[in-house]
Amino acid sequence: MRVRFAPSPTGHLHVGNARTALFNWLLARRHGGTFILRIEDTDVDRSTAASEQAIVDDLQWLGLVWDEGIAAAGGHGPYRQSERLDIYARHARQLLDAGHAYRCFCSAETLEAARQAQLAAGQPPRYAGTCRGLAPDVAAARVAAGEPAVVRLAVPAGREVRFTDLVRGDVTFHTDVIGDPILVRSDGMPAYNFAVVVDDALMAITHVVRGEDHISNTPRQLLLYEAFGWTPPAFAHLSLVMGPDHAPLSKRHGATSVAEFRAKGYLPEALANYLALIGWSPGEGEELLPLDELARRFDLAHVGHSAGVFDEDKLAWVNRHYLKAAAPARLVDLTTPFLADRGVVRGTVSAAGRAWLEFVVPPTAGAVDRLSDIPDRLHAVFAFDARAAVAQSSVRAEFEQPDARRVVAALAEVLAARPRLVDRETFRDAVAEVRARTGLKGRALLHPIRVALTGAGEGPELDLLVPAIDRAAELPGEAGLAPAVGCRERAAATMAALDAAGP
RNA sequence: GUCCCCAUCGUCCAGAGGCCUAGGACGCGGCCCUUUCAAGGCUGAAACCCGGGUUCGAAUCCCGGUGGGGACGCCA
C-alpha cells in the first residue's frame, strides 16, 4: 500500500488538511504501507518556499513522518511538481498524439464571459468544446505560429463513470456534466487534474485518500487513467471539517491552522488525537489514545460520511489529558516561551530559575486547558500591588466580610515571625496557626488569605502558589525570572493598605 | 441553476433489521471530594430531519421531500 499527502504550499497547514494527512498516515501505518509527501506547487503565483517549509514543520510537529517525499529518500522522485515539468510535458504529448487531448485557443476572457452567461441563464457552466473539432494539423500550425493554447482532455460524451469509494461506496457521474478539463495551461504548467494523475500513477500510489471537495474531480481523473491505459488507484473521500456554524472552517472561527493551535499551547499529540476523532472512532468507547494505537485500529470502512464540526472545547479536554501526562522537563521547555512573552522569564534562566520553573510549571499545567493559560495562573507570583488590589471593588467586598481583616492581621503576624514558606508543609503549618488565632476555617479562612496574598479571588491552589511566591522571592536577580515580593511583605502591605483605606 | 455527497443528543462518535427503554465522549446542571481555585469521581437533562414504502419487526433497507455541504477555474 502506498498513500500520499499532497499539499499545495500556498499557506499554513489547515487543520482540515492536517486531518487528511493524519488519515493517510494512519492508513499507511495500519497496513505497513508507505506514506509519501508530495508538494503540488504548480500554481507559481501562490506557491512559496516558506509555505512549504511551514507545512513540513507542522507535519513533523504533529509526528506525521513520511517515508518518501521531499526531504526524504524515495525512488519515485522528484516529489515537487515544479521539478517534474518534463514528465508532464512528455505525458501531455502522449495524450495529444493518441487523440485523447486537444489544443484549445479560447482566451481566458472568452471563457469567463461564457461561464457568466451560462450561469446567468441557469445553465451549468461548462466548456462548450469550441476547439475540440479543430483539425490536429490546423491546431499545430497555430501553435507553431506562436498562438497561446491550453491542452484539454477530450471527455467522451454520453458515458457514465463510476467508482467505488472506500468510505462512501459506489459513486456515479455522467460525462455529460463534465466539461473538457484543462490538462496543460497556456504557460506550459500542468493543471491539477493532470499532474495528480500522472504523479499518482508514476509514484505507484495505491490509495488516494483526500477531502470530499475532490470527489467531483475523481471522474475527470478516472477518464485520464483510462486515456493513459493505467489502472486507477482506490479512492477514499473524507468529509470536510466545519466551523461551529456548520460553514467551512475559516479564520472567522478563530484558529484554523496547525501553527495557530501550536501557538496557543496545544500539544501535538493532543491535536493529532483529537483530529482522528472527527469522522472516526477508535471503538470501544475509547478516545484518548496515542498515534500508534490509533493506527493499530484505523479502518477506512469505519470512517464517517458526514461533515464534522471542529470543537475546540473537546480539543482542550484532550489537551488537558496530555498536559497531565507530559514529562515535567518538557512542560517547562514548552511553557518557557509563553512565560517569556509575559515578561516572567527574562533572558537566560539560571539553574535556580529552572528549578523554580520545574517546581511550579508541571502542577500548573495539569490544571489548565493549554500552555498559554499558564502565565495567567502564575501571574500573581510576579505582579502584586497591595494598594491597587485594595482599590478594586471585588477585593474591597472581600474585606468587608466580617472576619476577613482579622485573618489578614493574623496572617501578617504569623508570617512576620516565620521563614519563607517554600513548601506545602510550611504553608499548611502557617495556615493552621492563623486558624488557631482566628478560630476560622474553610473559605472564611482561605479566601481572605488568597486575596491578601494575590490581590484576586481566583488562581491556582494556594498550596502551590504560596511556596511558588516565596521561592521566587528568594531567587537572586539574575535567575532569569522577574523579581517577586514574598508573602510576608505582601501580607503586611495588604494590612497597611487596608488600614489606610479605612474600615 | 446543474451534478455529486451527506443526514443519531448543542457538538464528536457507537449503532452493519430484533441485543435500543438508542450507548459513550465534550460541553452544560447537580452531588461528592477539597481548610481556597482548579482538577478528579459520581450523577442528570439532552438525539434517530419529515413522509411514504419493504418486513412479523427499521435508527438501521428502498423511494420521495426537506435541510446541510461540495463541485462546476489556465486554484488545488
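Every chain is numbered from 1 and lettered A, B, ... according to where its sequence line falls, protein lines coming before strand lines. Heavy-atom basis, side chains included; hydrogens, waters and symmetry copies ignored.
Using the Watson-Crick or G-U wobble rule with both distances under 3.5 Å, B/G23 pairs with B/C13. Taking a pair to require two hydrogen-bonding distances under 3.5 Å in either a Watson-Crick or a G-U wobble arrangement, B/A71 pairs with B/U2. Base-pair partner of B/U66: B/A7 (Watson-Crick or G-U wobble, both distances under 3.5 Å). Under the Watson-Crick or G-U wobble criterion, with both distances below 3.5 Å, B/G29 is paired with B/U43.
Among the heavy atoms of the strands lying under 4.0 Å from A/S186 is at least one base atom, whether or not backbone atoms are also near.
The P atoms of B/C61 and B/A25 are separated by 26 Å, rounded to the nearest whole Å. Atom name C1', nucleotides B/G23 and B/G67: the rounded distance is 26 Å, in whole Å. One P atom belongs to B/U43, the other to B/C4, and the distance between them is 48 Å to the nearest Å. Across B/C19 and B/C12, the matching C1' atoms stand 25 Å from one another, rounded to whole Å. The same atom, C1', is picked in B/A47 and in B/U35; the two are 43 Å apart, to the nearest Å. On the P atoms, B/C20 is 23 Å away from B/C56, given to the nearest whole Å. Atom name C1', nucleotides B/C62 and B/G17: the rounded distance is 13 Å, in whole Å.
Within 3.5 Å, no donor on the side chain of A/N217 pairs with an acceptor on the base of B/A71, nor the reverse. Counting atom types as modelled, A/H302 pairs no side-chain N or O with a base atom of B/A14 as donor and acceptor under 3.5 Å.
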### Message
For nucleotides 20-32 of chain B, give me one character per nucleotide, 5' to 3': B if any protein heavy atom sits under 4.0 Å from the base, S if the only such contacts are to the sugar-phosphate, - if neither.
### Response
----BBBS-----

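One interatomic measurement links the two molecules: OH of A/Y192 to P of B/A76, which rounds to 9 Å at whole-angstrom precision. One atom, CG of A/D463, and another, P of B/A39, lie 17 Å apart when rounded to the nearest Å. Rounded to whole angstrom, the span from the CE atom of A/M189 across to the C1' atom of B/C74 amounts to 12 Å. In this structure, A/L153 places its CG atom 16 Å from C1' of B/G73, rounding to the nearest Å. To the nearest angstrom, P of B/C74 lies 6 Å from CG of A/L111. Note: CE (A/M242) to P (B/C6) measures 15 Å, nearest angstrom. Atom CD of A/E109 is separated from atom C1' of B/G73 by 13 Å (rounded to the nearest Å). Going from atom CZ of A/R377 over to atom P of B/U36 covers 15 Å, rounded to whole Å.
More than 12 heavy atoms of other residues, nucleotides or ligands lie within 6.0 Å of NE2 in A/H207, so this atom counts as buried by the packing criterion. Residue A/H305 places its NE2 atom among more than 12 non-hydrogen atoms of other residues, nucleotides or ligands, all under 6.0 Å distant.
Note on A/R115: every side-chain N or O is 4.0 Å or more away from OP1 and OP2 of B/C72. Taking only side-chain nitrogens and oxygens, A/R185 comes nearer than 4.0 Å to OP1 or OP2 of B/A76. Between A/T42 and the phosphate of B/A76, there is a side-chain N or O to OP1/OP2 separation shorter than 4.0 Å.
A salt bridge is defined here as a Lys NZ or Arg NE, NH1 or NH2 lying under 4.0 Å from an Asp or Glu carboxylate O, and A/R84 with A/E40 fails to meet this definition. The pair A/E433-A/R428 does not count as a salt bridge, with every side-chain nitrogen at least 4.0 angstrom from each carboxylate oxygen. The pair A/R418-A/D429 meets the salt-bridge criterion, with a side-chain N (NZ, NE, NH1 or NH2) lying under 4.0 Å from an Asp/Glu carboxylate O.
In this structure, the side chains of A/F298 and A/V303 come closer than 4.5 Å at one or more pairs of heavy atoms.
Ring-centre distance between A/Y192 and A/H214: below the 6.0 Å cut-off. Between A/Y225 and A/F163, the ring centre distance reaches or exceeds 6.0 Å. Aromatic ring centres of A/W66 and A/F5 lie farther apart than the 6.0 Å criterion allows. Outside the 6.0 Å centre-distance limit, the rings of A/Y274 and A/Y266 are not counted as a close aromatic pair.
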Output one line per pair: protein atom, nucleotide atom from nucleotides 2-5 of chain B, and distance, for all N/O pairs under 3.5 Å.
unit_1	atom_1	unit_2	atom_2	d
B/C5	O2'	A/R168	NH1	2.4
B/C5	O2'	A/E212	OE2	2.8

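The distance from atom CZ of A/R132 to atom CG of A/L153, rounded to the nearest 0.5 Å, is 8.0 Å.
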